[in-house]
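This report refers to the structure that appears directly beneath it.
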There are 2 protein chains.
Amino acid sequence: MRSVAKGAAGRTARQCRPEYPAIAPLAAPPAAPRKAASSGAVSDRALPLNEILIGDTIARMAALPAGSVDLVFADPPYNLQLGGELKRPDESRVDAVDDHWDQFESFAAYDAFTRAWLLAARRALKPNGTLFVIGSYHNIFRVGALMQDLGFWILNDIIWRKANPMPNFRGRRFTNAHETLIWAARSADSKYTFNYEALKAGNEDVQVRSDWLFPLCTGQERLKDEKGRKLHPTQKPEALLARVLLSSTKPGDVVLDPFFGSGTTGAVAKRLRRSFIGIEREETYADAARARIDAVEPLSEEALVAPPSAREAPRVAFSALVERGLVTPGAELTDAKGRFRAVVRADGTISLADSPNVGSIHRVGALAQGAEACNGWTFWHVEEAGRRHPIDILRARLRAEMGIAAE
Amino acid sequence: MRSVAKGAAGRTARQCRPEYPAIAPLAAPPAAPRKAASSGAVSDRALPLNEILIGDTIARMAALPAGSVDLVFADPPYNLQLGGELKRPDESRVDAVDDHWDQFESFAAYDAFTRAWLLAARRALKPNGTLFVIGSYHNIFRVGALMQDLGFWILNDIIWRKANPMPNFRGRRFTNAHETLIWAARSADSKYTFNYEALKAGNEDVQVRSDWLFPLCTGQERLKDEKGRKLHPTQKPEALLARVLLSSTKPGDVVLDPFFGSGTTGAVAKRLRRSFIGIEREETYADAARARIDAVEPLSEEALVAPPSAREAPRVAFSALVERGLVTPGAELTDAKGRFRAVVRADGTISLADSPNVGSIHRVGALAQGAEACNGWTFWHVEEAGRRHPIDILRARLRAEMGIAAE
DNA sequence: GGGTTTTCTGAATCCTCCA
DNA sequence: ATGGAGGATTCAGAAAACC
């Protein structure tokens, strides 16, 4: 890593890892199972896939079939309330976001607008769909509270830590160095998509945290107009969208972006072989987005195949191991240190030695330790060739035999 | 929608506020600026400094003199959606968690509670006071939106990035690795305290960002009960509070914590020579907090001296330099590169070479560059011993002569 | 051409005193 | 209250300009 071994304390700024977290270029199981995009369902055929709809986002969303999209990614107006112009210490002027679409009469007006588009987005979502919204302290609290009011179930709030934020020029506040994303399911009982294993595998085998570090969208990636000025005031970095789509969608899924802008969502969706629906009010932005997306080459399908996911692997009962002969009834199971012993029964239950207790590998494992719960697959071991292995090994062997890859 | 012209844009923000509910009557005594804690003002004498008040926080706050505290730090409860057991703020049970109406009911109850304590805190704050609230996605959005509704002016949202968060055991979400603090002034025109220079100096001379990295409160710092279990479920790390107090208060300031809990705010306030007022409902916590705070030794005053701050240094007019002979009338001033020249006049004004312009060092510096504004102290240079120095050097010399430290 | 320096810019609620 | 003036204030990264 770095050589900034400065004292124990290590303050904030310098402590951030300079390198950006690698995005696993692979994230999701094969597209096949979810046939959303290719199925012949009526509602699907009505979906304007991979198109940019021009007009009022609420009306456009209302015209989509209900329950038809897997993910909504929304980057709504922030309702910045800027004072006079701001200058840098060198007297140059800061190019502020003063576009008309970011101006609202009042918090009440902003709330009404927010409520309306959130409702429309919720209607468009499949029951198991999820929603991401990005914002700053100017608007995100209002958005989050309204989401809760409308029945969205918040899964995480996520911090986009900007590697290179604009400083605070007057020295009157902390550098505003992040934006907030809220990730929510359509309702509390949604069975949403979260590609946990793939994310973890792409993150040096540790869980991905709720704080993400990415640089701003600058340089070549930033779209420019014919005069070389930034085309859109708030273009988001593709890396951010890639993390969003890789974490919460599968290839083939449909992503709706009701504030399409420069089309980052569409570009990343195409690259990652997801479908998108964009809604944008301004033709100028839509035209630029279309050209941008046309130039994108999708990644190869192999690049998008996920590593085997334990969670999504089909359940294999211990009894199946017995049935298939990977464990013989009467075999002895022990814990890792050989302190507890149990005997395998023909029905796939096990019985604890020196006790009348019979039950599942999990239940009996818990009983043996006096614990409330226990993962029998990793607790119990079998001896093979003089070495102890967790029975999870046998399960993996069975899965391999069955030719089960990922899902 | 309004069309906001560039120049007039400044008023946008202010126009948003009038329609919000009127704030509780605030007598808002001007409160002798800094020395509040030590001054003999009547309202101050009534302040229960460095005490823990037992009881309902809203009632207790209402009994404090209005406009009497410099900072409120609040770590409110968020008993929502946790563990399937839903409680209203008054501790009554909410029956059906999945009932949408009840969910709404509980949000409404939480909002009412939040609104009430925020109003009470606002009343207790001095006009130039600020408020920190810490929370997670369960409650922070509601709190933030209500703060805006009540007229608080958000200065920053701050992310406490946990160095060692609890992992997500189910693998169904991102590791919840942060909490959010909202920092807000009592109103948009508050002249709040922000120790910018000191913070920057302690951060390798770069501005402190809005994302702070601290470990959880563990080990010796974590209070334990007689059975060795953690005494309080959400004890905050002292490092976090230290950053809060060091950034937004001066020694001697009064800090109110309406959800005192294990007393971290009090312990840190005492160590940093701030006064505190704690409010806590549970005697057990208050007892532990009292013992904890009693054991704290305040830092030496020297350890708390603020570094020199240009902003707070006494004003010295350029004419004073002329009067004292640090610059002689007729001396030549140039910019750093020697492109512009001006001559010092006896009255402390300067005249631009080859032009009829006469005025202050700032005005003439701006004129010379064709800029709108200019800091003459750093723009203009004098030559001494063959080297060019900004005239700011002379000012520093005069301040030293006058024996003026930096406040 | 290659290495170094300068310039430019990014969702920003960004000053304060005194007359 | 309001206006004018004093004078305080920036980090990282990429691109352009300059040797």
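Here is how names work: the chains are called A, B, and so on, in the same order as the sequence lines, proteins then strands, and each is numbered from 1. The structure displayed is predicted, hence computed values, not measured ones.
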Counting only side-chain nitrogens and oxygens, does [X] get under 4.0 Å of the OP1 or OP2 atom of [N]?
X: B:Lys200; N: D:dT10; value: yes
X: B:Tyr196; N: D:dT10; value: yes
X: A:Tyr78; N: C:dT13; value: no
X: B:Arg395; N: D:dA8; value: yes

For the base of D:dG4, is there a side-chain donor-acceptor partner from B:Arg363 under 3.5 Å away?
->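 Under the 3.5 Å cut-off, the side chain and the base do not form any donor-acceptor pair.
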Touch check for [X], heavy atoms < 4.0 angstrom, all strands: base, sugar-phosphate only, or nothing?
X: B:Ser360; value: sugar-phosphate
X: A:Pro237; value: nothing
X: B:Asn375; value: base
X: A:Arg229; value: nothing
X: B:Glu197; value: sugar-phosphate
X: B:Asn156; value: nothing
X: A:Arg173; value: base
X: A:Arg88; value: base
X: A:Thr234; value: base
X: B:Ile154; value: base

Quick one: sort the [X] and [Y] rings into parallel, tilted or perpendicular, breaks at 30° and 60°.
X: B:Phe340; Y: B:Phe379; answer: tilted
X: A:Phe259; Y: A:Trp117; answer: perpendicular
X: A:His232; Y: A:Trp101; answer: parallel

How long is the line joining CZ of A:Arg172 and C1' of D:dT10, in whole Å?
-> 16 Å
Rounded to the nearest angstrom, tell me the gap between atom CG in A:Asn168 and atom P in D:dA8.
->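 The answer, rounded to whole Å, is 17 Å.
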[Y] versus [X], side-chain donor and acceptor atoms under 3.5 Å:
X: B:Trp380; Y: B:Thr334; result: no
X: B:Asn195; Y: B:Lys250; result: yes
X: A:Tyr110; Y: A:Glu105; result: no
X: B:Gln207; Y: A:Thr175; result: yes
X: A:Tyr137; Y: B:Asn156; result: no
X: A:Thr218; Y: A:Arg222; result: no
X: B:Ser210; Y: A:Arg161; result: no
X: B:His362; Y: B:Ser360; result: no

Extract from the structure each pairing of a protein N or O with an N or O of nucleotides 17-19 of chain C at less than 3.5 Å, listing the distance.
none

DNA chain D nearest-nucleotide lookup for A:Gln220 and A:Pro89: closer to the 5′ end is A:Pro89
By nearest nucleotide on DNA chain D, pick out whichever of A:Thr175 and B:Phe318 is the more 5' one.
->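 The residue whose closest nucleotide sits nearer the 5' end is B:Phe318.
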Whole-angstrom distance between C:dT13 and D:dA5, as gauged at atom P |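 Rounded to whole Å, the distance is 29 Å.
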Interatomic distance at P, C:dA11 relative to D:dT9, whole Å = 25 Å
Under a cut-off of 3.5 Å for both distances of each Watson-Crick or G-U pair, what dot-bracket string does DNA chain D give, using [ ] for crossing pairs and | for inter-strand pairs?
-> .|||||....|||||||||
